[in-house]
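The shown structure was predicted, so the numbers you read here are calculated from the model rather than taken from an experiment. Each ligand, and each atom within it, is numbered from 1 in the order the structure gives.
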Amino acid sequence: MEKILVRPNGPLKGSVRISGAKNAALPILAATILGTEKIVLEDVPELKDVEIITEVLRGLGLKIEKDKNTLIIDPSGLNSYETDYELMSKMRASFLVMGPLLARLSKAYNSLPGGCNIGTRPIDLHLKGFNALGAEITMTHGEIKAEADELVGERIYLDFPSVGATENIMMAAVLAKGETTLENCAMEPEIVDLANFLNKMGAKVTGAGTSTIRIRGVEKLTGCTHQIIPDRIEAGTFMVAAAITGGDILIDNVITSHLKPVIAKLEEAGVSISTDGSAVRVIGNGKLKPIEIKTLPHPGFPTDLQAQFMALLTQAEGQSSVIETVFENRFMHAEELKKMGANIKVIDREALITGRSKLYGSKVRATDLRAGAALILAALVSEGETEISDIYHIDRGYEKIEDKFKSLGSDIERIERKM
Ligand code: UD1
């Protein structure tokens, strides 16, 4: 089983280039089902999750060639509305093929998506949206079937601004008859990237990035070339790496407006930040002030950086608070950080972190993708060696993570070790 070993090696210094965003690449890959001509996607990160969705698409008849970070996709061979059960169970985001399949073939058969939260609740908003567009939904023995004679545009209000539901419904609506209005939808930058991609292929989507998206249905979508936006969560992770080690890192290939909540919170904690075009420079001076964080849908503080900030706040002088409002059960990393010496008290959806704690290298487990990143960050300032297991979670979302940390001066390696 592969593990990551980290030993402290002082402040991180240098520059790092951010990869294309996983959370933009996944829905855009799903949306290639909607195309009929050649699609070229650039800056697609080489990640486990991308591999999985690529396999899902191949299983549906799409032809995909890969040249490093460029994917060339021929969607014209789409010949199935049924996704592979094994692949679906590996990744929640594979459910994003449901909307495009429904739009193209009027049918989509899928198993319930994988991940830790298996059940009906986490996809109810997707299904409600498909239903509003005219699809009939049936669920039996873990299989979901959506079928429609014809999809017709509707006014749809989302009870919660779910990122996945916004994307899935948007993709289902692009070929529907008439206009769809999606209200209280998610406003994440990745949704804007998806809308831009769809529009390049001939869709008529307006308002992405605001809470109301309008989609005027068109007859068909064609093909295009599109570059995936930079990953704001990877960027935020390296910003925390500079802050926690008291380092100086130039983080390149970012869209600084996507990083506003991250920049604001790091500055509040006493970290120096300057931006210049598509780069952000983060300088930690070794002294961190405690702060309060509440995760919220965009443009609020991203839940995907909550764990990394919790690691950071173990090194702030005094008590910090982190409130998680987006996911019910996203504090598993707190237990792992405590094993390393952190002082964290979790009460319901709030974690109180009292610092500064001396951290010690320990055997810890990446309980999920961002939790894994948080453990690497904590390990950078822990005494002795940290051994992180279950790193397949980290590989789902961080491209070449050890190489990038190594280039900044980290003592980090991936090893094959028996349990
Ligand atoms: C996406 C991101 C993930 C990020 C999350 C929130 C991708 C591939 N993943 O996940 O990294 O952490 O946004 O920013 O883009 N919910 C329901 N019913 C639904 C759908 C969601 O109750 O039908 C709930 C979820 O259980 C959760 C909340 O809404 O509590 C947010 O989920 P959502 O925004 O849908 O996240 P994902 O799209 O799964």
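Taking every heavy atom of Arg330 and a limit of under 4.0 angstrom, the matching atoms of ligand 1 come to 12 (O). Of all the atoms in ligand 1, the ones that sit under 4.0 Å from a non-hydrogen atom of Thr303 are 6 (C), 12 (O), 14 (O). Under a 4.0 Å criterion applied to the non-hydrogen atoms of Val326, ligand 1 contributes the atoms 27 (C), 28 (C), 30 (O), 31 (C). The ligand atoms of ligand 1 that sit less than 4.0 angstrom from a heavy atom of Gly164 are 35 (O), 38 (O). Close approach of ligand 1 to Arg92 is summarised as follows: ligand atoms under 4.0 Å from at least one heavy atom of the residue are 39 (O). Heavy-atom proximity to Ile123, at under 4.0 Å, picks out these atoms of ligand 1: 19 (C), 23 (O).
Compare Pro27, Pro122, Pro161 by their heavy atoms: the one nearest to atom 19 (C) of ligand 1 is in Pro122.
Scanning both residues, Ala30 and Leu96, for their nearest heavy atoms gives CB-O, 3.5 Å.
A donor-acceptor pair is defined here as one N or O able to donate and one able to accept, closer than 3.5 Å; such a pair exists between the side chain of Asp231 and the backbone of Lys22. With hydrogens and angles disregarded, a donor-acceptor distance shorter than 3.5 Å links the side chain of Glu188 to the backbone of His298. Between the side chain of Thr83 and the backbone N or O of Asn110 there is no donor-acceptor pair closer than 3.5 Å.
The pair Arg330-Glu324 does not meet the salt-bridge criterion, since no charged nitrogen lies less than 4.0 angstrom from a carboxylate oxygen. For the pair Arg17 and Asp252, the salt-bridge criterion is not met [side-chain N within less than 4.0 Å of a carboxylate O]. Salt-bridge annotation for Lys66 and Glu46: present, with a side-chain N of the basic residue lying under 4.0 Å from a carboxylate O of the acidic one.
For a threshold of 3.5 Å applied to N or O pairs, the pair formed by Lys22 and ligand 1 contains no separation below that value. In terms of polar-atom proximity, Ala93 is not counted as a contact of ligand 1, lacking any N or O under 3.5 Å from an N or O of the ligand. The shortest N or O to N or O distance between Phe327 and ligand 1 is not below 3.5 Å. At under 3.5 Å, not a single nitrogen or oxygen of Leu26, backbone or side chain, sits near a nitrogen or oxygen of ligand 1. Ligand 1 has no N or O atom lying under 3.5 Å from any N or O atom of Glu167, backbone or side chain. Of the N or O atoms in Glu328, none lie within a sub-3.5 Å distance of an N or O in ligand 1.
Within the 4.0 Å heavy-atom criterion, both parts of Asp124, backbone and side chain, lie near ligand 1. Of the heavy atoms in Ala165, none comes closer than 4.0 Å to ligand 1. If you look at His126 next to ligand 1, the close heavy atoms, those under 4.0 Å, come from the backbone and the side chain alike.
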Q: Decide yes or no on side-chain contact (heavy atoms from CB on, under 4.5 Å) for Ser15 and Arg281, but give the supporting numbers first.
A: CA-CA 9 Å; Ser15 67; Arg281 184 173 172 192; over 6 Å; no

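Taking a 6.0 Å sphere around CZ of Arg414, one finds it holds more than 12 heavy atoms contributed by other residues, nucleotides or ligands.
Glu335 is linked by a side chain to side chain donor-acceptor pair (under 3.5 Å) to Lys338, counting only residues two or more places apart in sequence or in another chain.
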